[in-house]
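See structure below.
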Number of protein chains: 2
Amino acid sequence: MATDDLMTRVLETLGDDGPLSVEAIHRLTDLADVPESMMITEVADLLDISPHTLRYYERAGLVEVPRDSNGHRVYDAPAIRRLVFLTRMRLSGMPMRDLQHYTSLVDAGAHTEPERLDMLIEHRDTIRRRLRELTLSLAAVEYKIATYGGSTGPDVPTLNTTDPALRHEPPRRALPPV
Amino acid sequence: MATDDLMTRVLETLGDDGPLSVEAIHRLTDLADVPESMMITEVADLLDISPHTLRYYERAGLVEVPRDSNGHRVYDAPAIRRLVFLTRMRLSGMPMRDLQHYTSLVDAGAHTEPERLDMLIEHRDTIRRRLRELTLSLAAVEYKIATYGGSTGPDVPTLNTTDPALRHEPPRRALPPV
DNA sequence: CATTGCGTTCGAGCGCGCTCAAAGCCATAA
DNA sequence: TTATGGCTTTGAGCGCGCTCGAACGCAATG
């Protein structure tokens, strides 16, 4: 099954660190077994956002949610799947604006698939750019930590006797796995 | 020299893509030869931010900038170095609030170095978390692109005949370098 | 000498993404 | 029966990081 393949690859990608990757794999894999229906706080807990935000997304036109006889939201499987997608995209930095456009395309029918794909590809490239930026920033910060001397520029190394960074964790290679 | 070492590692890290990495390496290395003094638009161009933002940073207390006889800002080397640092930290996601704290520590003297180092280390960890988040998001988006079918969830692949992603670029492995 | 252009200060405004307050409905527990 | 708790709607508010407008100063140019 495709999900197993994806999960395997994700596990390969993230070698270290417990909490985030566990949660993350959850996010990637829980689509297979989405509950029939959930109430708002359950969905909020699942997605790690607030009920406020869920209502906000609905008001913004990102998703339609059926109600029960009391007028309470009952999130069905399609709504939940869409919200999983939406929160994932938000987390990766896609603006509300774009998500509104994207979901309007989805609701417009299958003939909009090429445009949707374009959006995804553009967003993928945005994520890659951001990853490169962050990787570079990380290198700069690690360099500054390693050579720390107190100036606001990293090119004035002092304190070469004992490395203060070692107080926090054991030595590691300069560029992290990412 | 240490800067050469850093630059080498950065070059190793970023295999592809011209514009960003060139600019980025510039950002990492230009500290060695900071001009004696610059006017505001020159600094703005150097840092790729607006003069408005430079004035805003100064108003926020992040940096002090001397004036000439006309009251115009004359950025000296220390101011420029600090601004390089500040923009780098902003780009990596450090909030203004924290930068205000950090620079106040710098201005308070050498005895605040341990606390500054703590801030840098915490920020480094924040960057790492964000990198992991983004890497995961990237995997999800690439998976969705590869299996694109139009649903908002990635587990309903259709269109197995011709892969629309191929219209944009040749096939590649599912998980990108990064 | 007037215009153009780049700078100044100060305060206000904006875009984004939530986040919350107020007022009310309904169901279950004491 | 009252009270508690969780949901509803609507509109307003907020924190962040800029971004801009207005009114002005000074210097070089046509």
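Basis for what follows: all heavy atoms, side chains included, without hydrogens, waters or symmetry-related copies. All chains are named by letter (A, B, ...) in the order of the sequence lines, taking the proteins before the strands, and each is independently numbered beginning at 1.
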**Message:** Could you tell me if B:Arg90 and B:Thr87 have a donor-acceptor pair between their side chains, going purely by distance under 3.5 Å?
**Reply:**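 Result is no, nothing qualifies.
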**Prompt:** So which pairs with a foot in residues 50-61 of chain A pass salt bridge (Lys or Arg N to Asp or Glu O under 4.0 Å), sequence neighbours left out?
**Reply:**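 As it turns out, the salt bridge (Lys or Arg N to Asp or Glu O under 4.0 Å) pairs with a partner in residues 50-61 of chain A, which skip direct neighbours, are A:Glu58-A:Arg67, A:Glu58-A:Arg73.
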Taking the side chain as every heavy atom from C-beta outward, state whether [X] and [Y] have any atom pair closer than 4.5 Å.
{"X": "B:Ile80", "Y": "B:Leu46", "result": "yes"}
{"X": "B:Arg128", "Y": "A:Glu142", "result": "yes"}
{"X": "B:Thr53", "Y": "B:Leu47", "result": "no"}
{"X": "A:Tyr102", "Y": "A:Leu62", "result": "no"}

My understanding is that only residues two or more places apart in sequence, or in another chain, count here; which of them pass side-chain contact (heavy atoms from CB on, under 4.5 Å) with [X]?
{"X": "A:Ser104", "value": "A:His101"}
{"X": "B:Ser37", "value": "B:Val74"}
{"X": "A:Asn70", "value": "A:Asp68, A:His72"}

For [X], answer base if it contacts any base atom (sugar-phosphate contacts may also be present), sugar-phosphate if it contacts only those atoms, and nothing otherwise; contact means non-hydrogen atoms under 4.0 Å.
{"X": "B:Arg55", "value": "base"}
{"X": "A:Pro95", "value": "sugar-phosphate"}
{"X": "A:Ile40", "value": "sugar-phosphate"}

**Message:** When you measure from the side chain of A:Gln100 to the backbone of A:Gly61, do you find a donor-acceptor pair of N or O atoms at a distance under 3.5 Å?
**Reply:**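 No, because the side chain of A:Gln100 does not come within donor-acceptor range (under 3.5 Å) of the backbone of A:Gly61.
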**5' priority, DNA chain C, between A:Tyr56 and B:Met39 [closest heavy atom]** =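 Closest to the 5' end, via its nearest nucleotide, is B:Met39.
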Starting at [atom1] of [X] and ending at [atom2] of [N], how long is that distance when rounded to a whole Å?
{"X": "A:Arg73", "N": "D:dG6", "atom1": "CZ", "atom2": "C1'", "answer": "13 Å"}
{"X": "B:Ile49", "N": "D:dC20", "atom1": "CD1", "atom2": "P", "answer": "14 Å"}
{"X": "A:Tyr75", "N": "D:dC7", "atom1": "OH", "atom2": "P", "answer": "10 Å"}
{"X": "B:Asp48", "N": "D:dC18", "atom1": "CG", "atom2": "P", "answer": "12 Å"}
{"X": "A:Met96", "N": "C:dC18", "atom1": "CE", "atom2": "P", "answer": "6 Å"}
{"X": "A:Asp45", "N": "D:dG6", "atom1": "CG", "atom2": "P", "answer": "12 Å"}
{"X": "B:Gln100", "N": "D:dC18", "atom1": "CD", "atom2": "C1'", "answer": "13 Å"}
{"X": "A:His52", "N": "D:dG13", "atom1": "NE2", "atom2": "P", "answer": "16 Å"}

**Asked** So, is A:Arg90 close to the C:dG17 phosphate, meaning a side-chain N or O under 4.0 Å from OP1 or OP2?
**Response**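 For C:dG17, OP1/OP2 do have a side-chain N/O of A:Arg90 under 4.0 Å.
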**Request:** Using only side-chain N and O atoms of A:Tyr57, determine if any of them is under 4.0 Å from OP1 or OP2 of C:dC18.
**Result:**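 Checking A:Tyr57 against C:dC18: at least one side-chain N or O falls below 4.0 Å of OP1 or OP2.
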**Asked** For residues 59-67 of chain A, which residues have at least one heavy atom under 4.0 Å from DNA chain C?
**Response**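 Residues of residues 59-67 of chain A under 4.0 Å from DNA chain C: A:Arg59.
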Protein N or O to nucleotides 23-28 of chain D N or O, pairs below 3.5 Å:
from	atom 1	to	atom 2	distance (Å)
D:dC26	O3'	B:Asn70	OD1	3.1
D:dA27	OP1	B:Asn70	OD1	3.2

**Proximity to the side chain of A:Thr41 - top-ranked nucleotide from C:dC18, D:dC18, D:dC7** =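 Of the candidates, D:dC7 comes closest.
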